[in-house]
Amino acid sequence: MSYEKIIADNKAWIDEVWGKLDTKLSRTAVKSREKIPYTTFNGEHDDRQGDKITWWTNGFWGGLMWLMYAGTESEANKAEYKATADRAEILMDKAFEDLTKLHHDVGFMWHISSGASYQLTGNMASRNRDILGAMSLMSRYNVNGDFIRSWNGNKTGWTIIDCMMNIPQLYWASREIGDERFKSIAIHYADMAMRDHIRPDGSVNHIVSHDINDGSVIETFGGQGHCVGSTWSRGAAWALYGFILSYIHTKEERYLDTAKKVAHYFITNVMSTDWLPLCDFRAPEAPVYYDSTAGAIAACGLIEIAKNVPEFEKDIYLSAAIKMLKAMEKAWCNWDENEDAVLMMGTERYVNEDGVGKGGLHIPIIYGDYFFAEAMLKLRGSDFLPW
Ligand code: GLY
């Protein structure tokens, strides 16, 4: 079936869900204007300012506001989204006060917030913040090891698949400043991730430890998944979306092939749980832990793959994205006005029986709302790509 026909067949649902997002988020935009939310407690957004201002997810709130700004048909709502996004950007300036506290997630923090502001409104102060983020990310490059270090402190050789979502900031900066070095480092990172993080079957190593002098692999870690060798679904989703973004920015076929390979693994696994993604695709049968954020991120990547493959291949990826979004909307979206978040059932990390890795289990997380809205905006036909 063609891309257009699949969208047409689902148009009523897409418009209904977008309408519910707009109604709920235009209200929350006003209510949470002085906050930088991460999750909710008793239905109320929390606030990651103060000593949490450099928290890696802090760009998603402003980013979510820009997605809604780009897609709403209401001029009144548009003004509210912009006001909240602008405010979030100012509040986040505190994070620049000590640059040594920044980390590799500067793309998550500024590219989808300030970068989106610049793309949509031409705000030059926003452009500057995004460029500062890109310069900070580039400064993490290890020349001998040929990778971007993900962690601060003594984990000098550790890389993480999540960084595939930060390197679009480098592709952008390269074009924006006219300096190929940013793009070159991004490509080196993507090639390392393709070689060391993606397994032959399309599953993903979350964390890899490298020799800092020659880049060789010392060890792989299970990271936020169940164990070494398992597949943490959000890591797979970061890879799926990250590689198609690298393809969009570079047109290098190997990144499209890698995105497809990870997508095939993801689709095969999520099909067997009624399109509701588990937190780890290789976890024991019980307990059953889900992660809605993995599904929302993967849906965005699948839609972008569908846009970039020949006509006869599009159906596989677009239909899978819609099935997953529909399943998650039915089971996990909360449209109640007494709950600030939309998408429930996010999981920070797999919780092992011994309590190791204890993290937020089945909670709303701001990037779940962000990627769910981004996926719905794409299905509405918008070409706005914040990454
Ligand atoms: N490591 C960032 C994440 O939880 O996806």
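Just so you know, ligand 1 is whichever comes first in the structure, and atom 1 is the first atom listed for that ligand.
Of the listed residues (Asp86, Asp22, Leu64), just one forms a side chain to side chain contact (heavy atoms under 4.5 Å, CB included) with Tyr81, and that residue is Asp22.
Ring centroids of Phe108 and Trp238 are separated by less than 6.0 Å, placing the two rings close together. Here Tyr171 and Phe182 keep their ring centres 6.0 angstrom or further from each other.
When each atom of ligand 1 is checked for a heavy atom of Arg234 under 4.0 Å away, the hits are 3 (C), 4 (O), 5 (O). For ligand 1, the atoms closer than 4.0 angstrom to any heavy atom of Trp238 are 5 (O). The Gln224 neighbourhood of ligand 1 comprises atoms 1 (N), 2 (C), 3 (C), 4 (O), with distances under 4.0 Å to a heavy atom of that residue. Using a 4.0 Å cut-off to heavy atoms of Trp56, the atoms of ligand 1 that qualify are 2 (C), 3 (C), 4 (O), 5 (O). Annotation for ligand 1: atoms under 4.0 Å from non-hydrogen atoms of Asp162 are 1 (N), 2 (C), 3 (C), 5 (O).
Geometrically, Lys78 engages Tyr69 in a cation-pi contact defined by less than 6.0 Å to the ring centre and at most 45° from the axis.
Using a non-hydrogen distance threshold of 4.0 Å, Phe108 does not register as a contact of ligand 1.
Annotation: side chain of Lys307 is not in contact with side chain of Tyr317 (no heavy-atom distance under 4.5 Å).
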